[in-house]
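Every number for a ligand or one of its atoms is a count from 1 in the order of the listing. Given the structure is predicted, the values throughout are model-derived calculations rather than measurements.
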Amino acid sequence: MNAADRQPEQRINTPNYSASGFVKVLAPGTVANLVCGFDVLGMCLNEPNDLMEVKLLQEKKIIIHSADGYPLPSDPAQNTAGAPLIEMINELDTPTGFEVTIHKRIKPGSGIGSSAASAAGAVVAANHLLGNIFPNKDLVRFAMFGEKVASGVKHADNVAPCIYGGITLIRSIHPLDIISIPSPDLFVTIVHPQIEVRTKDARQILRKEVLLKDAIRQWGNIAGLVAGFMQADLDLIGRSLEDVIIEPVRSILIPGFDEVKTKCKETGALGGGISGSGPSIFMLSREEATAIKVQTVMQDIYNRIGIDYHTYVTTINKTGVKILQA
Ligand code: HSE
């Protein structure tokens with residue numbers, strides 16, 4: 001078998017270690033699904049971000065520290081940053097390890113890609129320390145092991161945009177086929193009601209079968225959304241932000257969801273819906289002024305309902321995980 005025929009995991013990977021042996025990265029939040037594209041579309045955000053510090057070890061070992069009190073598992077195999085790094089060091093031909101400190105700013109269970117930020121941040125940082133020997137596609141392959149730890153299944157619609165930046169289409173995960181989609185300059189408003197929805201639970205409640213008429217409507221919307229992004233056709237994007245399969249089931253877990261969606265659109269948002277598996281809700285707007293009005297609408301609704309929340313007004317992050325200090 002020649003080298004080109006080998007599976008990625010059968011390749012011999014010789015690191016070209018960074019001189020400092022230390023890197024600090026900013027790992028961004030992401031909006032998975034983008035309403036109609038369950039498990040196949042995702043978008044990277046400029047806010048919020050996790051901060052991660054990663055140190056190179058000259059032995060085959062992963063050490064995880066949580067810097068700010070979140071009860072993240074310290075067993076690397078159970079940690080969303082640790083599991084991808086275990087996969088990565090198993091493919092190296094020299095004994096290598098990493099000591100990771102996670103400053104978690106993206107609350108777990110928020111629907112803004114908290115587990116993905118840890119997984120993607122860890123693999124991008126580690127790859128930097130190895131001399132960037134792995135291409136982004138391999139980093140996504142490793143990072144998906146973190147998603148498996150978090151939600152029981154591999155999905156790439158948070159980790160791929162977190163690593164590639166912008167908007168990504170994951171046409172397939174077996175084999176991995178990731179397509180970067182051009183992202184228009186839109187504003188994103190997010191409300192995170194302070195309730196926790198575990199991705200594992202939000203997946204378990206989904207119906208396993210869909211009606212053909214719903215599937216037709218959904219794939220029309222996915223194609224419309226991708227075409228809308230590619231042509232920067234904001235009206236088409238707005239029309240295509242419709243989910244007839246997942247949202248009707250999951251939205252019952254999110255108090256105020258229907259009202260938020262209706263009122264934000266009345267205020268001028270192009271459209272939006274559940275961010276990932278929830279409970280966060282995101283809305284896209286053409287103008288920053290509209291995105292700020294949308295934020296006020298969201299705040300008013302949750303103030304009235306009496307649920308604490310965080311809101312963000314941000315933009316699409318086109319570059320993904322960022323190396324801050326090396
Ligand atoms: N596509 C995944 C889901 C994303 O909706 O379950 C989880 O953040």
Can you sort out which atoms of ligand 1 are near Arg250, meaning under 4.0 Å from one of its heavy atoms?
3 (C), 5 (O), 6 (O)
Numbered atoms of ligand 1 (with element) below 4.0 Å of Asp39, judged on heavy atoms:
1 (N), 2 (C), 3 (C)
Does ligand 1 have a heavy atom under 4.0 Å from the side chain of Asn158, from its backbone, from both, or from neither?
side chain
Counting from 1 in the order shown, the ligand 1 atoms closer than 4.0 Å to a non-hydrogen atom of Thr199 are 6 (O), 7 (C)
Nearest to atom 6 (O) of ligand 1, what protein heavy atom do you find, and at what distance?
Arg203 NH1, 2.7 Å
Quick look: Glu147 vs ligand 1, heavy-atom contacts under 4.0 Å, and the answer is neither
Just so I know, are the side chains of Arg250 and Phe38 near enough to count as touching, which here means a heavy-atom distance under 4.5 Å?
yes
Checking side-chain polar atoms at under 3.5 Å, does Thr315 have a donor or acceptor matched by the opposite partner on Asn46?
yes
Is there a donor-acceptor contact under 3.5 Å linking the side chains of Ser151 and Thr199?
no
A side-chain contact here means heavy atoms from C-beta on lying under 4.5 Å apart; do His65 and Glu53 qualify?
no
The residue among Leu41, Thr30, Ile181 that forms side chain to side chain contact (heavy atoms under 4.5 Å, CB included) with Pro161 is Thr30
A side-chain contact here means heavy atoms from C-beta on lying under 4.5 Å apart; do Gln295 and Phe187 qualify?
no
Nearest 0.5 Å, please: how far is CD1 in Ile316 from SG in Cys44?
9.5 Å
Can you list the atoms of ligand 1 that are under 4.0 Å from a heavy atom of Asn33?
1 (N), 2 (C), 3 (C), 5 (O)
Where ligand 1 meets Ala32 - atom numbers and elements under 4.0 angstrom, heavy-atom basis:
4 (C)
What are the atoms of ligand 1, with element, lying closer than 4.0 Å to any heavy atom of Phe38?
3 (C), 5 (O), 6 (O)
